[in-house]
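The structure appears right after this line, and notes come after that.
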Amino acid sequence: AQSVTQLGSHVSVSEGALVLLRCNYSSSVPPYLFWYVQYPNQGLQLLLKYTTGATLVKGINGFEAEFKKSETSFHLTKPSAHMSDAAEYFCAVSPQGGKLIFGQGTELSVKP
Amino acid sequence: SQTIHQWPATLVQPVGSPLSLECTVEGTSNPNLYWYRQAAGRGLQLLFYSVGIGQISSEVPQNLSASRPQDRQFILSSKKLLLSDSGFYLCAWSMSGLLDTQYFGPGTRLTVL
């Protein structure tokens, strides 16, 4: 069975600091991997996705993620946090293009 | 470009009352459509998905039902709401033939009192 684990339900960083949101997955077949962002009382917005090819994926708003097969990880990073990055972030896995399986989410707070 | 609409945006309903939430997609044909629920402090739970008109797959047995009367319309219903039905309901779509890359609507906040 496929699953996604997001380490840390809440992460707090200072403005300008590195953002690192952790995601590990388990999948019996090569996975497609996704990060979504959700601002308060809004729907989810796709940040980036990995399907095949280059393992470092760049997304919107300066975020990127790296697929590491040996570590079964797909951590999300951003070099410098902005106040506007405060939101909830969801990692998701799709087993070879099947339905999405979401992690529990990580709430990111950015301190001035 | 494609857009997805949900209404109403917020809804307060008494226990035992019926429910109808609507989702429509514009700018694409034969999309796959999804209903998710997000309870307070919890992740997303897939409730139903549909790959075509009249084709509904239920992921979790519950007090809700879904229907797809038209290609780009997806409706979530209940005959009698429970307190546990409160939550944030999200509709999403993906391109025909693909279940993975999903695009979400703005959501409906349902409070059952």
Side-chain angles (χ1 to χ4, degrees), chain A residues 1-10 21-25 27 29-53 57 59-60 65 67 74 87-109, chain B residues 1-11 21 23-25 31-51 55-60 74 76 86-111:
Chain A
Q2 291 75 29
S3 66
V4 178
T5 302
Q6 291 185 238
L7 299 177
S9 59
H10 189 99
L21 303 182
R22 300 178 185 272
C23 173
N24 289 88
Y25 69 90
S27 178
V29 297
Y32 296 172
L33 295 159
F34 303 78
W35 277 100
Y36 284 84
V37 60
Q38 184 181 30
Y39 299 100
N41 294 311
Q42 295 186 26
L44 277 69
Q45 180 182 7
L46 180 64
L47 271 179
L48 50 80
K49 67 177 181 179
Y50 168 81
T51 54
T52 59
V57 181
I60 61 172
F67 170 56
F74 191 57
E88 187 148 22
Y89 292 80
F90 290 93
C91 182
V93 62
S94 163
Q96 282 193 328
K99 298 190 300 295
L100 291 177
I101 299 163
F102 284 90
Q104 288 296 100
T106 297
E107 184 178 353
L108 175 66
S109 300
Chain B
S1 64
Q2 299 86 10
T3 56
I4 178 169
H5 303 279
Q6 286 186 245
W7 64 89
T10 61
L11 191 60
L21 303 181
C23 170
T24 59
V25 180
N32 301 311
L33 297 171
Y34 310 82
W35 278 112
Y36 288 86
R37 177 169 58 202
Q38 192 175 23
R42 302 178 69 176
L44 286 90
Q45 180 184 37
L46 178 62
L47 302 175
F48 302 94
Y49 72 97
S50 171
V51 299
Q55 300 178 62
I56 309 294
S57 296
S58 175
E59 293 290 300
V60 182
F74 205 24
L76 184 69
S86 293
F88 193 50
Y89 288 82
L90 290 159
C91 182
W93 72 274
S94 65
M95 290 181 64
S96 177
L98 299 174
L99 298 177
D100 54 291
T101 306
Q102 296 177 20
Y103 302 94
F104 286 77
T108 295
R109 175 76 59 192
L110 171 64
T111 303

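Sequence lines set the chain letters: A, B, ... in the order given, protein chains first and strands last, and positions in each chain run from 1. Everything numeric here is computed off the predicted structure, so don't read it as measured data.
- Residues forming a side chain to side chain donor-acceptor pair (under 3.5 Å) with A:K99 (at least two apart in sequence, or on another chain): none.
- Contact of B:I4 with chain A is not made at all, since no heavy-atom distance falls under 4.5 Å.
- With a 6.0 Å radius and a threshold of 12 heavy atoms from other residues, nucleotides or ligands, B:R109 has its CZ atom above the threshold.
- Annotation: the span from B:Q102 atom CD to A:F34 atom CZ amounts to 8.0 Å, rounded to 0.5 Å.
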Discussion item. The test is side chain to side chain contact (heavy atoms under 4.5 Å, CB included); show your working for B:Y36 and A:L100 and say whether it passes.
Written reply: CA-CA 11 Å; B:Y36 288 86; A:L100 291 177; 4.2 Å; yes
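- Remark: B:Y49 engages no residue in a ring pair (Phe, Tyr, Trp, His ring centres under 6.0 Å) (not counting sequence neighbours).
- In this structure a side-chain-to-backbone donor-acceptor pair under 3.5 Å is missing from A:Y32 to B:T101.
- Considering only residues two or more places apart in sequence or on other chains, B:Q38 meets the side chain to side chain donor-acceptor pair (under 3.5 Å) condition with A:Q38.
- Residues of residues 86-96 of chain B lying under 4.5 angstrom from chain A, judged on non-hydrogen atoms, are B:F88, B:L90 by number.
- Neither the backbone nor the side chain of B:T10 comes within less than 4.5 Å of any heavy atom in chain A.
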